[in-house]
Amino acid sequence: MEQTQAPNLATTTAKLSPSNGVVKFLKDCTAGTVGGIAVVGVGHPFDTIKVRLQTQSATNPVYSGAFDCLKKTLQWEGVGGLYKGVASPLAGQMLFRATLFSAFGESKRWLGTNADGTTRTLTTLDFYKAGMITGFLAAFTEAPIDFYKSQIQVQIIRAKSDPTYKPPYTTVTQCVKATIATSGIKGPFQGLGPTILRNTPANAIYLGSFEVMKRKMAEHQNCEVKDLSAPVVIGAGGLGGIMYWLAIYPVDVIKSAMMTDSIIPSERKYPNFVSTMKSLWSEGGVGRFYRGFTPCLLRAAPANGVMLYTVDKMQTLLNN
């Protein structure tokens with residue numbers, strides 16, 4: 001397996017001190033938090049369109065496609081409609097991205113530390129392993145954030161499909177209170193299963209490929225990874241984001257269906273992963289699992305490119 005220099009890891013036999021590990025952890029958290037703000041600002045409008053297309057009725061659709069959804073959202077709700085439910089991801093993404101990148105940093109440090117406490121260079125495979133570990137752990141933070149965001153985003157669809165429909169909640173705070181009252185602490189984790197199934201392989205591909213591409217480009221340009229230009233880092237992040245969605249998009253559709261279902265267990269149309277998959281298949285076959293794919297891919301490159309570049313830059317500044 002090809003050997004690749006791990007970022008921020010000593011290649012000598014010096015042991016990694018606990019205090020140094022804590023500092024690195026806090027730096028990863030800070031960089032991830034700033035990255036979370038960046039990804040929400042760039043990506044949330046695309047995500048709103050994606051979720052609405054994924055979850056609208058197959059027999060009585062409100063939108064004919066991505067551009068029709070954009071047009072109607074602006075017409076009915078203004079620019080603010082594109083940021084519907086943004087309170088959950090804005091606050092949550094800061095926490096989630098802090099969790100994501102601190103977990104990724106810790107996973108790389110763990111994989112690069114020998115049994116005697118000395119460090120070694122990471123292999124290419126190690127980066128993918130670290131991404132896989134990160135995806136699994138981060139799912140427990142991302143699932144509640146996605147759940148509340150999705151619940152708020154689909155209220156307009158239900159209102160337009162049924163003129164008599166009255167939204168049970170219009171803010172994230174109201175949604176939180178309703179889900180806790182209905183299902184207790186389990187309420188925010190509606191759809192956790194498919195989130196884990198999506199995040200674990202997807203982040204292995206996403207974060208692993210991002211790290212490997214940066215190192216390949218640094219080798220090609222005969223420079224250090226931290227000295228790569230912004231277009232190169234953004235390009236690697238954007239490509240990693242596209243690979244993420246190409247790998248697992250159908251699972252994300254199942255996740256969205258379960259997360260936007262009724263918060264009352266007895267009223268759910270999609271109670272579990274298998275039954276949801278069967279129901280969606282009956283609604284439209286393979287095509288049903290790719291509804292909303294266009295805005296998702298349009299979002300993938302700029303949102304992930306900007307976010308990963310922001311995280312990289314913040315880590316470089318903090319390390320300096």
Side-chain angles (χ1 to χ4, degrees), residues 36 39-40 42-58 61 63 65-66 69 84-85 88-89 92-93 96-97 100 131-132 134-154 157 188-207 209 238-261 268-281 283-304 307:
V39 76
V40 170
V42 175
H44 194 77
F46 295 97
D47 187 71
T48 297
I49 294 171
K50 181 200 74 168
V51 171
R52 288 179 172 179
L53 290 174
Q54 284 180 339
T55 56
Q56 68 176 340
S57 169
Y63 314 108
C69 182
K84 187 73 72 176
S88 173
Q93 280 285 346
F96 165 57
R97 298 298 171 179
L100 183 77
M132 181 180 68
T134 298
F136 175 79
L137 295 175
F140 292 89
T141 304
E142 186 174 16
I145 297 167
D146 265 6
F147 168 69
Y148 288 123
K149 168 184 66 66
S150 298
Q151 282 286 327
I152 297 300
Q153 285 174 329
V154 299
I157 297 176
F189 293 95
Q190 184 173 323
L192 174 62
T195 304
I196 293 174
L197 289 176
R198 180 195 71 172
N199 281 20
T200 304
N203 278 286
I205 295 169
Y206 170 52
L207 295 172
S209 297
L239 185 56
I242 291 172
M243 293 169 69
Y244 178 110
W245 290 110
L246 287 175
I248 48 74
Y249 191 78
V251 179
D252 186 70
V253 173
I254 295 172
K255 178 191 75 70
S256 290
M258 292 178 67
M259 285 188 169
T260 56
D261 205 356
R268 287 176 190 163
K269 181 181 178 182
Y270 308 113
N272 57 62
F273 188 89
V274 175
S275 65
T276 302
M277 183 170 60
K278 291 179 179 177
S279 295
L280 295 179
W281 179 270
E283 290 178 16
V286 174
R288 179 63 182 86
F289 293 94
Y290 284 91
R291 190 182 293 174
F293 192 50
T294 298
C296 180
L297 280 189
L298 289 174
R299 171 191 183 276
N304 288 284
M307 180 192 68

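The two residues T55 and S256 have their closest heavy-atom pair at CG2-O, 3.9 Å. Contact detail for A143 and L192: the closest heavy-atom pair is CB-CD1, 3.8 Å. The two residues D261 and P271 have their closest heavy-atom pair at OD2-N, 4.5 Å. Counting all heavy atoms, side chain and backbone alike, N203 lies closest to G131 at CB-O, 3.3 Å. Summarising the geometry of M243 relative to S209, their closest heavy-atom pair is CE-OG, 3.3 Å, with the distance given to 0.1 Å. The nearest pair of heavy atoms linking I242 to A301 is CD1-CB, 4.1 Å.
Partners of F289 under the ring-ring contact (aromatic ring centres under 6.0 Å, His included) rule, at least two apart in sequence or in another chain, do not exist in this structure. Scanning for side-chain hydrogen bond (donor to acceptor under 3.5 Å, both in side chains) contacts around T276 gives an empty result, with sequence neighbours left out. A search for side-chain hydrogen bond (donor to acceptor under 3.5 Å, both in side chains) contacts involving S275 returns N272, not counting sequence neighbours. Remark: K269 engages E283 in a salt bridge (charged side-chain N to carboxylate O under 4.0 Å, His left out) (not counting sequence neighbours). With sequence neighbours excluded, no residue forms a ring-ring contact (aromatic ring centres under 6.0 Å, His included) with Y270. For the salt bridge (charged side-chain N to carboxylate O under 4.0 Å, His left out) test, residues two or more places apart in sequence or in another chain that qualify with R198 are E142, D146, D252.
Contact of the F140 side chain with the I196 side chain is registered, since non-hydrogen atoms from C-beta on lie closer than 4.5 Å. Looking at heavy atoms from C-beta onward, Y249 lies in side-chain contact with Y290 at the 4.5 angstrom threshold.
Under a 3.5 Å cut-off, the side chain of Q151 and the backbone N or O of M259 do form a donor-acceptor pair. Formation of a donor-acceptor pair under 3.5 Å by the Y206 side chain with backbone atoms of W245 is not found in this model. At least one donor-acceptor pair closer than 3.5 Å links the side chain of R291 to the backbone N or O of Q56. Using modelled atom types, no side-chain atom of R299 and backbone atom of T294 make a donor-acceptor pair closer than 3.5 Å.
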Evaluation steps, side chain to side chain contact (heavy atoms under 4.5 Å, CB included), between V286 and W281: CA-CA 7 Å; V286 174; W281 179 270; 3.5 Å; yes

Worked verdict on F293 versus L246 for side chain to side chain contact (heavy atoms under 4.5 Å, CB included): CA-CA 9 Å; F293 192 50; L246 287 175; 3.7 Å; yes

Pair N199-Y244, side chain to side chain contact (heavy atoms under 4.5 Å, CB included): steps then yes or no: CA-CA 9 Å; N199 281 20; Y244 178 110; 3.4 Å; yes

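Interatomic distance, I205 CD1 to M132 CE, rounded to the nearest 0.5 Å: 11.5 Å. Taking CD of Q54 as the start and CZ of R288 as the end, the distance is 7.5 Å to the nearest 0.5 Å. In this structure, the separation between CD1 on I248 and OG1 on T200 is 11.0 Å, given to the nearest 0.5 Å.
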